Chemist: 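I am attaching a structure below and will ask some questions about it afterwards.
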Amino acid sequence: MISKTEAKNTPDVKATDFEHFPTNLNYFQDSDVVLFQDLNAGAIWRSPDAGATWAKVDEIDKAFVLIMHQYDSNRAYVLTKGVTHWRTHDRGKTWHTFFTDAELSIFRGDWLIFHATDPDRILFNGMDCQSIFCDEVVMYTTDGFESDAKFLRGNTAGCWWAKSSDLFSTGSEDLDSQRILCIVRGSFSLFKEDNQLLISDNYFSATAESGGEVQEFEPDLNGFSSVQGVVNMAVVKKYLLVATASKNTDEMALYVTDDTLKWHRAEFPSDHRLVQEAYTVLEGTNYSIQVDVMTARPSNPMGVMLTSNSNGTYFTRNMEHTNRNIMGHVDFEKISGIQGIFLVNQVDNFEAVEKDPAATKKIKTKITFDDGRSFEAVRAGDKEIHLHSVTELNNVGRVFSSPAPGLVMGNGNVGDYLGPFNEANLYVSDDAGRTWIKGLDGPHKYEFGDQGSILLAVRDRKDKVGEVKYSLDHGKNWATVELPDGLKITPWVLTTTQDSTSLKFVLTGESGSSENPKFHVISIDFEGLHEATCTESDMEEWNARVDDEGKPSCIMGHTQMYHRRKKDAKCFIKQEFKDPVPETSRCECADADFECDFNFVRNGDKCELKGLPIVPEGQKCKNQDDTFMGSSGWRLIPGNQCKRKDGEQKDKEREWKCSEVISPPADPASGNIAHNQHPIKGNYDYFEKHYLERGESSTEKDETIIMRPVKRTAGGLGGMPGDIQITHDHGVNWESPKVLKDQKIWGIVTHPYIKDMVFFVQPDGKVFYSVDRGRHFDSFKAPDPVGDLRRNPLAFHPDRRDWLIWHGKRCPEGSSADSTACYGVASYSSDRGDNWHTLKRYSEKCEFTGSSAYKDRKPNSILCLANTREDNDGDNPLQLSFSADIQVEKLEAKLDNVKDFATMAEFIVVATENKTASTLNALTSIDGEKYAAAHFPYNFEVPHQHAYTVLDSSTHAINLFVSTETNENRRYGSIMKSNSNGTSYVTSLSNANCDNNYYVDFEKMLGLQGVVLVNIVENRDSDDPKRLQTKISHNDGAEWAFLPPPKADVDGKAFSCRGGNGDEGCALHLHGYTERDDHRKTYSSESAVGIMLGWGNVGPILGESKEADTFMTTDAGISWKMVKKGRWVWSFGDQGSIIVLAQRETQTKTISYTLDEGNSWKDYQFSDTEVSINDVTTLRSGASRNFLLWGHKGDEVFTVNVDFSGLTDQHCKVDADNEDKSDYKLWTPKHPKQPNGCLFGHNTYYLRKKTDRTCFNSEKLNHVYKNDNCTCTRQDFECAYNYEMDNHGQCVLVKGLQPVSMEQYCKENPSKIEYYQPSGFRKIPLTTCQGGEELDKIGEPVVCPGHEEEFEKAHRVSGVAIFFAVVIPIGLAAAAGWWVWRNWQNNFGQIRLGEQHTIDSETLWVKYPVIAVSAMVAVISALPLVAAAVWRSASDLVEKFTGRSAGRYSWLGGSGPRRFTTRDSFARGRADYDIVDEDEGELLGDDSDEEV
């Protein structure tokens, strides 16, 4: 066929100039319509003819991001920063607004999630902000945003349709249509480890069938129960993958399903764990998942490529030593449209790279034609070529191939290894990579057109180019086309339609200078270059895969053959937007068509059973002697099309004995406790011990402890340290690592967030470390020797395991190490010590402040405290500097005259000095950039504030101790509690006791909200020694009471006084933090909810410590009992089911234990002779049934493993339907001073094992079983900015101040569409209350400027609504009730009605006059939205950094030398009563505790 028009000699080239750079350029699939985004102007540009002409979309002027519909080639969306956006359903011809009622989430980039088969179903990931606090929410539409988006769910971390891939299916049309999966944050936790995966089939709505409960459920990810810690989800081909993380480890678990009904944990080779930020899910096939896992050091990474079986459960190695970069990109790509062929780059000198991270990689390119079973070199003639791949991506789209059948291009070089990119040449293959030819000199950007008839390339270099080149014969010959008007550009993007069927291309680039750049979009059109359209004689049959003999080869049971244009044909195919489709031919089944069946794993040529064989449906196993027909171990790969041969089949069922399925009765538990003693030779008197806690996602089940015996000298630790020993079985067996033998290890530092990692520090800066719990070791050299020998030199990033800060000491050349000219230097590494960068000279300390738990902080942010000038002069005050991203921004000074700073939960608290007035000032920040002064109540006057101690601040408020008496041995002060942004304070308790180092007797109960114990000074006005009393609060410090004394002692004898509920004359008093020998010990453990133990006495005041007895409560301090006379140390095991006591300061052979929460105690003899016990420890998670005794006998020290696992082999079970059968009971703490028991708007119910059950907790117990929300009452509100509480419990305006105006409110809350007149109240962000009083809203709302349209939509009443209101008012009322129920239920149960609406002057928030009297407070409200999502819900489970042996809070201020370590939170959501932890960035130094 001859074209009617005369052929042209060259393609048409047309350039269009633009003021700004064109970004996000996208084709509508199967069309010539192109859109791009002008970020600078917020505009969208459209071309209907593949870039030849352009027009600006006039309707849109505030575009933030352009998103193409993933499954509908006619639709696109333009999202703004507000709540009104734009959509098109006709490829950009017309645009219409749509309303989401939530702005874009700043925490996610996948704002729109599309349904694969219904283009009208879309999820919108947004956020809803209240002042500075933002909550992620998801909205949805089922009509393509024809109507306003509807609320789906709040408190999310992303939602997805189950049908997010056209290959994925649940097996049910109804479920495919509506099933949604959401990652939901923990009810009262900011941490990813508490995230849940929830599924709903009716948009998370309440139903009548569920009794008004929201229809949602947790899938059994591990096959029998739900799993917490869900951090991400992805749909890959026909698989849905869910990744989970857990505390204490960076190992992740990957769960896979192909229907959302049955889930399996993917199993990886034991030497290739799935580690956070160290694995990449590659482009898979329709029948397998491929993952690359990093194996080498992060500064010069390599990987191993693993491929799964067809259901994604078992992974095996495909290729070792794959090349990857620090961003996680892997040099791997499949050849488009052809099964079984992919290119991968491999590091040839892997051994040298493993030994030396600075070694230059020698990279080779390999190709496979049989789906990874074998690899071969890539060749051009008889020479090997090596190609630059994904890690050096220099264009959009795929790297090597396109849907053009068999056509492949790449930049590379001949030789032994891959060379530099700028020395590469362009190579071309037209047989899917089997043979290659050199196409062009130099590296190029390239594209394919007309199904491979056209190859287009432009030179890829920094200087300007004025031409493009093209080939019409598969790269054999090339022609040149000049750009119009002598234009020369730096090319950025060369692209065409997704299917590579078009004759048109688009090239973008930049000309001019850096000071005056010009931007261009260039259209290159080959239409008419050939006058003919290809006929059948111009086409050839091309087999996609051939063997060495040139015969078609099989993959997945078939061959592939394409009908494509001959390379020398003088025609174009001109079948635009028609994808080439291969013809397939079935092959006979061969071994490659089979895989190991479920519960079998491959070992060479065999499939070996791992687990139990599955009994097919219809067959039964009643007795062990029965048999059944089951799997041979092999199965045909699902989707394989091979033809069965006659004869014996590889997957033919075989006979199995039921004894192989029905396990024989296991030996019953012995019913006995066992022990194992480990003596340690040498003259030692102390143990340095570190537990490496295990995460729930860990595949390892070890219980690892690192220990070193020490002989203490008068100066503290040091003198005679013994060998470092490691046990992986909780002290049964110990070994000394050879690599650490004879090394002068000064300190052992465990990673505070990833307990698999431990560092062994030498004074000269040499550091040995292990990332796998002491099994293998590596090392690095820090840039400087250890600085302050009194503190840990390392600081760690909460999320990035390889990010370190090193605090060292640098001395001028020629100076000695003890010279006064030496100074501190902080350096950081992002690759685990391979490379270091100086942070700050003359520094005191630096700290990573970025954390995924606190969304307001940028991930790479850092704070540093250092001298103002770089000298050691005495008049050189400290200065606080900050960088929001240390990799791209330098540190910038924020505050001068700083004494110290501390991070506590979401707050950063800073103490600055006023040297003239000899006083301190406290400031608070949420993001590290902006600071506001702390304002104390008017009646709180301290002329000279000398010391602050930041106490636990886990309930979204700072607890700040302010010293009010500073005379030695008489020190005490007031505990101040802040409002929710940490700026305004009220007095929670006066006369709180502290020691001479300003440590405070303050402790929260772990695992419970609102329970706090404090010791106060009873005789504050006396010169006599302190008389201490213990007080407890059950409502987070709002009200305090004495501890009720037990009625009798352990022998049943009455105490000398009777105090009823406890009073000044008679109460129980406990020795607190300041008196503990081991500051790591706490009263409680998160694993034993509601249980506390302590040393104390009954009487009017606290007695001498040596005369104390041991007391216990099981109801969170409501009642107490004496359990032992004298002082006994304790430890909680089996998540609180086992409590072990060991008596100190006495000779003994036995320990005491209880299995029923202290109702009865039994003794166990662990020694034949009398010995002394110093401590008893176990895993702080409480999951172990092993305990370790640490003791000595004479000059010999020893450990004793005590194993309680022999007591029972029965697993405890939760039965929600039958309370009698369940091994657990529901327990809720009572708040005696709180109406209805509600705190922060809810009641919490906890799971506790019944004391009469003989079973153990085999899985991690999620103690929080459910939360019942209360209706909102006065207690759920606090005074708003510039308001204070009067004597009548009302919030009144502070004299001389003005309420927040509409203009100010709308400006500070840009996402809000309306404003209410100030009532004086605001709802506290902590509360989860629903309905009830709305004290923060009075009168009618007023629209915020710029939100008129959204306001109208939110408040207008449609004609349909009016009709229903008139015709069926009862139905409308029911619908309204349904709406409230669905939207406010939020998974906390039914709404409770009938709350009291009167104001009680003794309630929580009435007693807290919260005031804000400084204009500086407004800066907190004006924080940008990126510093927003501080609060998600009330939390006593907030986990943060733990201090070294000195416990958990930070001391700020005072004068003289540092005498303290950090004391972080007592309520981190875990029990740190027996482990030394290194505090990330908060080790403030200590000379009173054990040195590192």
Side-chain angles (χ1 to χ4, degrees), residues 136 153-160 181-200 216-233 240-257 260 263-266 274 276 693-699 701 753-755 798-799 851-853 1006-1007 1009 1085-1087 1089 1135-1136 1179-1183 1212-1214 1216 1224 1244-1248 1257-1267 1386-1388 1432-1440 1467-1471:
E136 288 187 70
R153 206 190 192 287
N155 202 31
T156 59
C159 292
W160 295 263
L181 300 92
C182 288
I183 298 176
V184 178
R185 302 189 186 279
S187 300
F188 303 103
S189 173
L190 302 173
F191 293 92
K192 61 188 178 184
E193 293 86 359
D194 296 308
N195 290 353
Q196 301 169 282
L197 181 67
L198 294 178
I199 297 178
S200 178
E216 61 183 16
F217 66 93
E218 284 189 83
D220 294 337
L221 291 184
N222 61 12
F224 53 87
S225 67
S226 60
V227 177
Q228 288 186 305
V230 179
V231 294
N232 208 348
M233 198 188 91
L240 194 154
L241 314 179
V242 170
T244 67
S246 61
K247 296 176 184 177
N248 304 321
T249 183
D250 61 347
E251 184 177 359
M252 305 183 75
L254 188 68
Y255 295 91
V256 183
T257 181
T260 71
W263 299 77
H264 307 282
R265 178 170 180 172
L274 204 65
Q276 295 180 41
E693 290 288 327
R694 191 178 63 245
E696 291 299 314
S697 56
S698 298
T699 51
K701 301 302 179 185
Y753 310 104
I754 301 169
K755 295 301 183 182
D799 302 313
S851 171
S852 61
L1006 299 178
Q1009 289 181 308
S1085 164
E1086 189 200 14
S1087 67
V1089 177
Q1135 301 185 59
L1179 296 177
R1180 68 168 152 217
S1181 63
C1212 295
K1213 297 179 180 178
V1214 178
Y1224 297 93
T1244 302
Y1245 295 85
Y1246 296 86
L1247 278 177
R1248 278 170 55 166
N1257 299 297
S1258 57
E1259 298 293 328
K1260 178 188 176 184
L1261 185 63
N1262 183 16
H1263 287 283
V1264 178
Y1265 183 74
K1266 67 174 183 176
N1267 295 281
N1386 200 23
N1387 198 29
F1388 292 131
R1432 306 221 175 273
S1433 53
S1435 170
D1436 260 345
L1437 301 177
V1438 176
E1439 179 181 2
K1440 192 60 176 64
R1468 291 293 137 236
R1470 57 191 187 185

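Note that the coordinates shown come from a computational prediction; the quantities given were computed from them, not determined experimentally.
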Chemist: Write down the atom of Lys701, the atom of Arg694, and the distance for their closest heavy-atom approach.
Modeler: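 The answer is O-NH1, 3.4 Å.
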
Chemist: How far apart are the closest heavy atoms of Pro219 and Trp263, and which atoms are they?
Modeler: CB-NE1, 3.6 Å

Chemist: side-chain contact (heavy atoms from CB on, under 4.5 Å) with Val242: which of Thr260, Leu221, Asn232?
Modeler: Leu221

Chemist: Heavy-atom distance under 4.5 Å between the side chains of Leu181 and Leu197, does that happen here?
Modeler: yes

Chemist: Going by the rule side-chain hydrogen bond (donor to acceptor under 3.5 Å, both in side chains), which residues pair with Ser200 if we only count those two or more places apart in sequence or in a different chain?
Modeler: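 Here the qualifying residues are Asn202, Gln215.
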
Chemist: Taking the side chain as everything from C-beta on, heavy atoms only, tell me whether Leu198 gets closer than 4.5 Å to Glu218.
Modeler: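 They are in contact (side-chain heavy atoms under 4.5 Å apart), so the answer is yes.
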
Chemist: Does the Asn155 side chain pair with the main chain of Val184, one donor and one acceptor, at a distance under 3.5 Å?
Modeler: no

Chemist: Is it the case that the side chain of Glu693 and the backbone of Arg1180 share a donor-acceptor pair, with hydrogens and angles ignored and the cut-off at 3.5 Å?
Modeler: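 Looks like yes, one N/O pair under 3.5 Å.
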
Chemist: Mind checking side chain to side chain contact (heavy atoms under 4.5 Å, CB included) for Asn1257 and listing every partner two or more places apart, or none if nothing turns up?
Modeler: Asp1134, Gln1135, Ser1137, Cys1212, Tyr1224, Leu1261

Chemist: Starting at CD1 of Ile199, measure out to CD of Glu216 and round the result to the nearest 0.5 Å.
Modeler: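 One gets 11.0 Å once the value is rounded to the nearest 0.5 Å.
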
Chemist: What closest approach, in Å, do Gln228 and Thr244 show between heavy atoms, and which atom pair accounts for it?
Modeler: O-CB, 4.0 Å

Chemist: Mind checking side chain to side chain contact (heavy atoms under 4.5 Å, CB included) for Ala266 and listing every partner two or more places apart, or none if nothing turns up?
Modeler: Leu254, Val256, Phe268, Phe315

Chemist: Applying side chain to side chain contact (heavy atoms under 4.5 Å, CB included), name anything that partners Asn222, two or more places apart in sequence or on another chain.
Modeler: Phe224, Ser225, Val227, Tyr255

